[in-house]
Number of protein chains: 2
Amino acid sequence: MATKDNVTIADIAQRAGVSASTVSRVLSGTTHVAEAKRDAVLNAVTALNYQPNVFARSLASGQSMIIGVLTQNFGSPFYDAIMQGVVKGLTGTDYFPIFADGQWQAAIEVEAVQAMLRRQIDGLVVLGGFLGYKEVKQLIGDIPLVMVVNRANGYEVNSIFIDNVEAAYLATRHLIELGHRRIGHICGRLDHPDARDRRLGYLKALEEAGIQPDPELVIEGTFRRQSGVLALEMLLSRGKSFSALFAANDQMAFGARLALYRRGIRVPEDVSLVGFDDEPVAAFMIPPLTTMRQPAIELGLEAARFMLARLKGETIRPARLKAELIVRESTAISR
Amino acid sequence: MATKDNVTIADIAQRAGVSASTVSRVLSGTTHVAEAKRDAVLNAVTALNYQPNVFARSLASGQSMIIGVLTQNFGSPFYDAIMQGVVKGLTGTDYFPIFADGQWQAAIEVEAVQAMLRRQIDGLVVLGGFLGYKEVKQLIGDIPLVMVVNRANGYEVNSIFIDNVEAAYLATRHLIELGHRRIGHICGRLDHPDARDRRLGYLKALEEAGIQPDPELVIEGTFRRQSGVLALEMLLSRGKSFSALFAANDQMAFGARLALYRRGIRVPEDVSLVGFDDEPVAAFMIPPLTTMRQPAIELGLEAARFMLARLKGETIRPARLKAELIVRESTAISR
DNA sequence: CTGTTAGCGCATTCAT
DNA sequence: ATGAATGCGCTAACAG
């Protein structure tokens, strides 16, 4: 550490006329210390601008006070918002977040987790990704794990997520209420529980409306933009007609939008389009995209809250959050 | 640290039949050690799956082996790509990056830097932002500082950046070659050197083409999307005509695009549009946006390379990278 | 080349 | 309530 942080606990002990242990005590607040000594210590701390050495502290205490956060894409506004929530939820506490990027690749996720482990994280928050709860748990051992966004099958008590079935149901129902009967669906990767849940919600809405689902109107994508392009081309090549499309995320909706543009198919005049995630760009698309908004910052905050409780040994159950339909011009025209 | 990493240097010393110092030596590679002992140590390390304790190491060595990376927005694909570059440039080394988000707000930047400082970072990489070299330097003291993207005035030797004047010149010249004469420019915040350089490049291209610059065709934005919307509305309310627009970044170009759409002005038929940054969405806009691509990953890699050199006490000068014009349909039609 | 000896700065016993 | 002593795991200066 190039910064000379010479001032140590011993210095302030001397200046305050107490022992180092006492200083340590008032700093950690573990034991009662006489008012007078307490004040003397605190004064010395500010006077000398004392900064505790995190390494010495961690070495002695066995706690790193670091929370690892594994995201999938630093560049995604949605994950960004969650991370902001986590940061916000952690500020004011003694915990500090470190971030790693799994890039939607299981192998990289594993590496990233291991790298964080080497930094002795006290807890791990996983945002999205393909690693299941058990797999991650196996990597990290006993340290607390919180999964966000994608629910951990069978470990829902340690997961922060929205009701995806309900959300997809609402999105699809919106299209039905607009008068659509032939509604296509671009799924996410079906090895992903979110993708399965959203398809379920889509089917549930159709069923409720008495619409016979057409398997050929459902295409499996990868959650990536390019797969939205491909999905649309596949849909068209099948020659099936449809007047509306529900994509399992905005990225795929963007891809579909571009493919429609290239084919000269107008949105919303010819086809209505609904996405999922409410990425910032959705509001700035041409035309602006109707989409489901996940309360991203709140998810992050809740993850932090839950993690802190776990770290303190408390057992709380995570709050369940809801997605909200944001209606924009991509579904403006009813038929 | 909930993970019981009981196996220490002493354990492997015992198993290898050497002293702890010798173990430390083969691990750090600072001194030559006899082949036989070396192998014995290495074997013990793998046999016992030894993981060094970073805190003990840092406490003893005085080096954290942590590089702080201050970005402005985890959610920006451009900064994301730079961070990826930094990560890539650091993997394989003993250094580990930690990230903080300044959110394009000087006060938050300062806080973030201080939080990282508390983590005893050995070096700091600053991506973008409003803090100047001197200001950051004042915060961090003697530890190496590398500025990326925005050049540090007078400290160019410690900055990784592209030639913004040249880049903006190329963008504007592209429009001129298409036949445009009345070309508007949406600047970034002019307290930012990049914004000033890009305006300079814009003016340079006009001058070279013998086009009299019209101050009313130049609007100062904030680099944010919304300011692109406002800039366009201001341009229109001034009643000046223009057939092309060069925005100092893609975000503002997106905003301008939306405002044009709302006014019923077509791109590129009525107005050609050029952005800057080549954010992924640019390729998926309607129509796809012509823009300048900064070599983001390479910037990150170069930053890491430069930082590592500085850390080793070497003095190298940073490579200068170039932006590249990506021509898409938003400037498809010449006039 | 290698073992021995000291700390790094702090938390945490153990006494008092 | 508080000081003294001990150790967290490792590196580095000191001898040989």
Side-chain angles (χ1 to χ4, degrees), chain A residues 1-42 44-45 48-66 94 96 117-120 122, chain B residues 1-42 44-45 48-66 94 96 117-120 122:
Chain A
M1 287 81 71
T3 45
K4 283 264 186 268
D5 37 290
N6 6 27
V7 37
T8 78
I9 208 175
D11 298 325
I12 89 159
Q14 181 178 8
R15 194 176 211 273
V18 298
S19 76
S21 335
T22 301
V23 175
S24 175
R25 283 176 189 121
V26 331
L27 258 37
S28 61
T30 46
T31 322
H32 277 199
V33 173
E35 276 298 310
K37 305 209 183 232
R38 225 185 97 78
D39 292 346
V41 167
L42 260 24
V45 164
L48 272 50
N49 187 30
Y50 166 74
Q51 298 284 80
N53 181 315
V54 285
F55 299 121
R57 184 175 287 198
S58 295
L59 184 57
S61 71
Q63 288 185 270
S64 69
M65 308 307 280
I66 297 177
D94 289 327
F96 181 88
L117 238 33
R118 261 175 256 127
R119 290 332 268 196
Q120 323 273 102
D122 280 343
Chain B
M1 285 80 69
T3 46
K4 285 261 186 269
D5 36 290
N6 5 27
V7 37
T8 77
I9 208 175
D11 298 325
I12 87 158
Q14 181 177 8
R15 194 176 210 274
V18 298
S19 76
S21 339
T22 301
V23 176
S24 174
R25 282 176 190 122
V26 331
L27 259 37
S28 62
T30 46
T31 321
H32 276 200
V33 173
E35 276 298 309
K37 307 210 181 228
R38 225 185 99 79
D39 292 346
V41 168
L42 260 24
V45 164
L48 272 51
N49 186 30
Y50 166 76
Q51 297 284 82
N53 181 314
V54 286
F55 300 121
R57 190 182 287 221
S58 294
L59 184 58
S61 71
Q63 288 186 270
S64 68
M65 308 307 280
I66 296 177
D94 290 327
F96 181 88
L117 239 32
R118 263 175 254 128
R119 288 286 156 186
Q120 323 273 95
D122 280 343

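Please read these numbers as outputs of a predicted model, since none were measured by experiment. Convention: sequence-line order gives letters A, B, ...; per-chain numbering from 1.
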* Structure fact -> Counting primed atoms, P, OP1 and OP2 as sugar-phosphate and everything else as base, the B/S/- map of nucleotides 11-16 of chain C against protein heavy atoms under 4.0 Å is BBB---

* Should A:Ser19 be listed as having a side-chain N or O under 4.0 Å from OP1 or OP2 of D:dG3? -> yes

* Asked: So how far is it from B:Asp94 CG to B:Arg57 CZ, rounded to the nearest 0.5 Å?
  -> 7.0 Å

* C:dT2 P sits how many Å from B:His32 NE2, rounded? -> 11 Å

* Flag the pair A:Tyr50 / A:Leu27 as yes when at least one side-chain heavy-atom distance between them is below 4.5 Å, and no otherwise. => yes

* To do: Return the set of residues passing side-chain contact (heavy atoms from CB on, under 4.5 Å) with A:Asp11 (not counting sequence neighbours), or none when no residue passes.
  => A:Val7, A:Thr8, A:Leu48

* **For B:Ala56, side-chain contact (heavy atoms from CB on, under 4.5 Å) partners two or more places apart** => A:Leu59, B:Asn53

* Return the set of residues passing side-chain contact (heavy atoms from CB on, under 4.5 Å) with B:Ser24 (not counting sequence neighbours), or none when no residue passes. => B:Ile9

* Structure fact -> Contacts of B:Ala44 meeting side-chain contact (heavy atoms from CB on, under 4.5 Å) (sequence neighbours excluded), chain-then-number -> B:Ile12, B:Arg15, B:Ala16

* Asked: Which angle, to the nearest 10 degrees, lies between the helix axes at the two ends of the helix from C:dC1-D:dG16 to C:dT16-D:dA1, each defined by five pairs?
  -> 40°

* To do: To the nearest 0.5 angstrom, please state how far the CZ atom of B:Arg119 sits from the CD1 atom of A:Ile66.
  => 4.5 Å

Would you be so kind as to tabulate the donor-acceptor pairs closer than 3.5 Å made by side chains of residues 31-42 of chain A, with sequence neighbours excluded?
none

